[in-house]
Amino acid sequence: LLQTNLVLGRQVSAGDVLIEMDSEAWRLERQAEESKVLAVGPQTAALEREMISDGEALRGEDRALVAEVSEARARQRASDAVAQFKASESAQIETLHKQHVVADVERERTQADFEKQTAESDAARAQVGRLGTEGGVRRSDRRAKIARLEAEIARLQSVRAEAESRVRILDQRIELF
C-alpha cells in the first residue's frame, strides 16, 4: 500500500483514488513470467529440430537394416549351397572309402570341410536373426527418444501457456492498481 486517501466522513465521488497500491512486485513477477514465455520458444524449436532429425535417422536406419539383412541372407544362401555341396562330396567320399578307393585321411579331410561349412552356414543364419533383433532394438530406442522429445515439447508448451496466463492476470492487476 503506497497511499490512502480514505477519511472518515468525507464525501467520495466516482473516479476518486481512495488507495494507491504498489504494483512494482507484480511488474517484476510479470517480467519473470514474460521471460519464461520468451525462453520456451527457442527450447521448443531446438527439441522439434532434434525430433525431426531423429525421425530421419530412424528412416535411414530402417533402410540400412533392410540392406544388411538382405546381404546377410545372401551370404547365408551361398553358405548353404556350399554346405550342400560338401555334404554330397562327403557322402561320395564315404562310399569310396568303404570300397577302399579313398584313404582315411581324405575321408577325414572331406568330413572336416563339411562340418566347417555347416558351422559357417549356421553362423550366417544366426547373423540374419541377430541383425533383425539389433535393428528392432535400435528402432525401439529411437522411437522412445522421439516420444521423450514429444513429451518434453508438450511440457514446455504447458509451461508457456501457464506463463502467458499468469502474464494476463498480472496485467489486469497492474492495470487496476
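Positions are given from 1 along the sequence.
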Could you tell me whether the side chain of [X] and the main chain of [Y] form a donor-acceptor pair under 3.5 Å?
{"X": "Ser140", "Y": "Gly136", "value": "yes"}
{"X": "Thr133", "Y": "Gly129", "value": "yes"}
{"X": "Arg59", "Y": "Gly55", "value": "yes"}
{"X": "Thr110", "Y": "Glu106", "value": "yes"}
{"X": "Ser88", "Y": "Gln84", "value": "no"}

### Query
Are Leu47 and Met51 grouped together when hydrophobic residues (ILVMFWY) are joined by side-chain heavy atoms under 4.5 angstrom apart?
yes
### Query
Going only through I, L, V, M, F, W and Y residues with side-chain contacts under 4.5 Å, is there a path from Val128 to Leu131?
yes
### Task
Verify the distance criterion only: is there a donor paired with an acceptor across the side chains of Gln117 and Ser79 at less than 3.5 Å?
yes
Any side-chain heavy atom of [X] within less than 4.5 Å of one from [Y]?
{"X": "Val105", "Y": "Arg109", "answer": "no"}
{"X": "Gln172", "Y": "Arg168", "answer": "no"}
{"X": "Gln76", "Y": "Gln127", "answer": "no"}
{"X": "Arg27", "Y": "Ile174", "answer": "yes"}
{"X": "Glu134", "Y": "Val137", "answer": "no"}

Which hydrophobic side chains are connected to [X], either touching it within the sub-4.5 Å cutoff or through other members that do?
{"X": "Val101", "answer": "Ile93, Leu96, Val102"}
{"X": "Phe114", "answer": "none"}
{"X": "Leu28", "answer": "none"}

To the nearest 0.5 Å, tell me how far [X] [atom1] sits from [Y] [atom2].
{"X": "Asp113", "Y": "Lys86", "atom1": "CG", "atom2": "NZ", "result": "4.0 Å"}
{"X": "Leu156", "Y": "Thr44", "atom1": "CG", "atom2": "OG1", "result": "4.5 Å"}
{"X": "Glu150", "Y": "Arg143", "atom1": "CD", "atom2": "CZ", "result": "11.5 Å"}
{"X": "Glu34", "Y": "Leu170", "atom1": "CD", "atom2": "CG", "result": "10.5 Å"}
{"X": "Ser35", "Y": "Gln31", "atom1": "OG", "atom2": "CD", "result": "7.0 Å"}
{"X": "Ile153", "Y": "Arg160", "atom1": "CD1", "atom2": "CZ", "result": "13.0 Å"}

Closer than 4.0 angstrom, basic N to acidic O: yes or no for [X] and [Y]?
{"X": "Glu50", "Y": "Lys145", "result": "yes"}
{"X": "Lys116", "Y": "Glu120", "result": "yes"}
{"X": "Glu61", "Y": "Arg139", "result": "no"}
{"X": "Glu152", "Y": "Arg148", "result": "no"}

### Task
Take atom CD of Glu162 as the centre, draw a 6.0 Å sphere, and report whether it contains more than 12 heavy atoms from other residues, nucleotides or ligands.
no
### Query
Checking side-chain contact (heavy atoms from CB on, under 4.5 Å) for the pair Glu68/Leu65: CA distance, chi angles, key distance, verdict?
CA-CA 5 Å; Glu68 286 176 319; Leu65 178 62; 4.2 Å; yes
### Query
Quick one: side chain to side chain donor-acceptor pair (under 3.5 Å) partners of Glu89, sequence neighbours excluded?
none
### Query
Do you know the tightest heavy-atom contact between Ala163 and Lys36?
CB-CB, 4.0 Å
### Task
Please name the pair of heavy atoms, one in Val69 and one in Gly132, separated by the smallest distance, quoted to 0.1 Å.
CG2-N, 4.3 Å
### Task
Report the residues that fulfil salt bridge (charged side-chain N to carboxylate O under 4.0 Å, His left out) with Arg125, sequence neighbours left out, ordered by chain and then residue number.
Asp80, Asp122
### Message
Tell me every residue that passes salt bridge (charged side-chain N to carboxylate O under 4.0 Å, His left out) with Glu48, counting only those two or more places apart in sequence or in another chain.
### Response
none
